[in-house]
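In what follows, a structure is listed as structure tokens, so that the remarks can point back to it.
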Amino acid sequence: MKIIQVSVDVFSYPTRRSVDSAGHSHPGAESRANMGLLRIVTEDGNEGYAFGLPELMRPHLMDAFVRKVLVGQNAFDRERIWQALAHWQRGSAGQLTDRSLSLVEQALWDWAGRKLRMPVYKLLGGYRDKVRAYGSTMCGDELAGGLATPEDYGRFAEKLVARGYKGIKLHTWMPPVSFAPDPKMDVKACAAVREAVGPDIALMLDGYHWYNRSDALYIGQQIQKLGFAWFEEPMMEESAESYAWLAENLTIPVLGPESLGGKYHSRAAWVGSRSCDILRAGVAGVGGITPCMKVAHLAESFGLDCEVHGNGAANLAVVGAIRNCSWYERGLLHPFLEYDDVPAYLNSIADPMDADGYVHLPQRPGLGEDINFDYIEAHTLSRH
Ligand code: MG
């Protein structure tokens with residue numbers, strides 16, 4: 001089934017999120033943001049889609065690499081197409097990133113699901129039809145009544161439990177917050193949440209990512225006492241040695257790597273150096289759904305779980321198709337924002353959660369996104 005066209009629609013939509021100088025999102029005044037819709041069309045008229053930042057599918061990338069690899073190829077040959085793009089990354093002088101690869105590969109999976117009228121997680125090999133979600137908070141802030149104090153985290157955690165969440169992950173304070181980073185404040189927030197929700201809710205911590213070994217060990221020892229389920233990315237992931245040292249010195253599971261490049265190769269190295277107790281990969285970070293599945297299977301081979309990073313339809317599809325994870329990451333959440341609100345460019349959200357804290361895998365063909373094409377058409381800024 002030959003690919004005849006690859007195109008990108010850039011459109012705008014309203015958002016109440018703003019991004020700080022470290023790239024972390026927080027609640028903000030309503031503004032408009034831009035989004036890209038990648039579209040792959042085959043000779044039979046079937047289409048596949050992926051949403052992403054317009055910069056990840058900018059015209060030069062599409063012309064210089066993506067169309068050259070895709071057009072004329074069989075859209076079912078995902079692995080060959082992906083390998084060709086991955087091999088071009090080195091020679092692209094850093095322009096063709098794992099995130100761009102991931103969007104192309106997601107659109108190919110979405111295309112296949114739509115073509116075969118199957119949800120992608122069933123094509124991958126369905127393992128479950130629903131999964132528990134943990135509520136993943138935004139990073140701490142200095143907004144009154146937001147996530148400015150340990151007590152704010154405690155109060156928000158109570159609301160999340162009332163909504164149905166059986167797990168909560170804290171992202172604590174990071175610069176540019178004036179008092180961050182502060183290991184003692186991180187521990188206070190964790191203690192406030194444990195106090196608020198009691199012993200039966202799973203809790204995880206994902207704090208500042210640039211602590212030194214001493215601070216990471218201190219925080220790990222404290223949240224170990226609080227019965228936390230895992231400790232995520234407290235140090236730079238480029239230092240696998242530091243994580244091996246931390247994992248050796250803690251009983252709480254250390255989870256990673258999340259933001260480290262290197263796809264499944266770097267994850268294999270972390271398993272080899274015993275740098276984590278639970279492996280980590282997300283579809284965007286490792287270059288697509290298939291490489292994310294490779295990481296999950298690598299973990300399974302070593303008797304490890306692989307918790308999938310990030311929300312959205314593609315990560316949910318992976319969670320639905322592997323045995324060795326326990327959670328879907330739902331968020332990011334904040335007391336001022338309503339996660340269940342449907343973005344203007346969709347007709348419904350891809351990850352609805354029931355009152356018992358389960359997200360049900362979408363059953364529509366493809367990745368499961370219920371796209372509002374009329375909205376996108378009416379708000380398109382450019383097409384290439
Ligand atoms: Mg994380």
Side-chain angles (χ1 to χ4, degrees), residues 17 19-20 22-26 98-99 102 131-141 147 153 156-157 160 165 167-175 177 180-181 183 186-187 189-190 193 202-211 215-216 219-220 223 228-240 242-243 246-247 250 252-264 266-267 270 275-287 291-292 295-296 299 304-312 314-316 318-319 325-334 339 351 359:
R17 288 174 163 216
V19 177
D20 67 24
H24 298 117
S25 57
H26 300 282
D98 288 344
R99 286 182 181 264
S102 171
V131 61
R132 288 186 305 175
Y134 65 86
S136 191
T137 75
M138 284 185 167
C139 292
D141 50 49
L147 293 173
Y153 276 90
F156 188 40
L160 296 179
Y165 287 102
I168 296 169
K169 189 173 83 183
L170 293 82
H171 288 92
T172 44
W173 298 277
M174 306 192 202
V177 167
D186 288 359
V187 171
C190 291
V193 170
L203 298 178
M204 308 82 161
L205 173 64
D206 187 354
Y208 182 63
H209 310 305
W210 294 270
Y211 281 122
D215 288 340
I219 297 167
I223 64 172
F228 270 48
W230 77 58
F231 188 21
E232 178 173 337
E233 206 181 342
M235 302 178 290
M236 284 188 74
E237 292 179 338
E238 280 75 6
S239 177
S242 295
Y243 278 89
L246 186 67
L250 292 174
I252 182 176
V254 171
L255 172 141
E258 174 179 304
S259 60
L260 183 65
K263 308 182 181 75
Y264 37 83
S266 57
R267 271 75 188 169
W270 268 49
S275 299
C276 60
D277 303 293
I278 303 172
L279 209 53
R280 184 84 160 151
V283 168
V286 299
C292 197
V295 176
L304 294 170
D305 279 359
C306 175
E307 292 296 340
V308 175
H309 166 229
N311 69 337
N315 288 312
L316 185 55
V318 172
V319 169
C325 74
S326 300
W327 298 99
Y328 166 72
E329 180 169 16
R330 200 163 188 264
L332 299 170
L333 311 177
H334 190 280
Y339 184 84
D351 55 357
V359 166

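Whatever order the structure lists them in is the order used to number ligands and atoms, beginning at 1. Residue indices begin at 1 and follow the sequence shown. For the numbers below, each heavy atom of this structure counts, side chains included, while hydrogens, waters and symmetry mates do not.
- As for E232, its N/O/S atom nearest the Mg ion (ligand 1) is the one called OE2.
- The side-chain hydrogen bond (donor to acceptor under 3.5 Å, both in side chains) test with E237 singles out one residue from S242, S275, S259, and that residue is S259.
- Residues satisfying the salt bridge (charged side-chain N to carboxylate O under 4.0 Å, His left out) test with E329, not counting sequence neighbours, are K169, R280.
- Within the model, atoms SG of C190 and CG of L205 stand 4.0 Å from one another, a figure rounded to the nearest 0.5 Å.
- Among the heteroatoms counted here (N, O or S) of E258, OE1 is the one nearest to the Mg ion (ligand 1).
- Closest of all the heavy-atom pairs between P175 and P181 is CG-CD, 4.0 Å.
- For residue D206, an N/O/S atom approaches the Mg ion (ligand 1) to within less than 2.8 Å.
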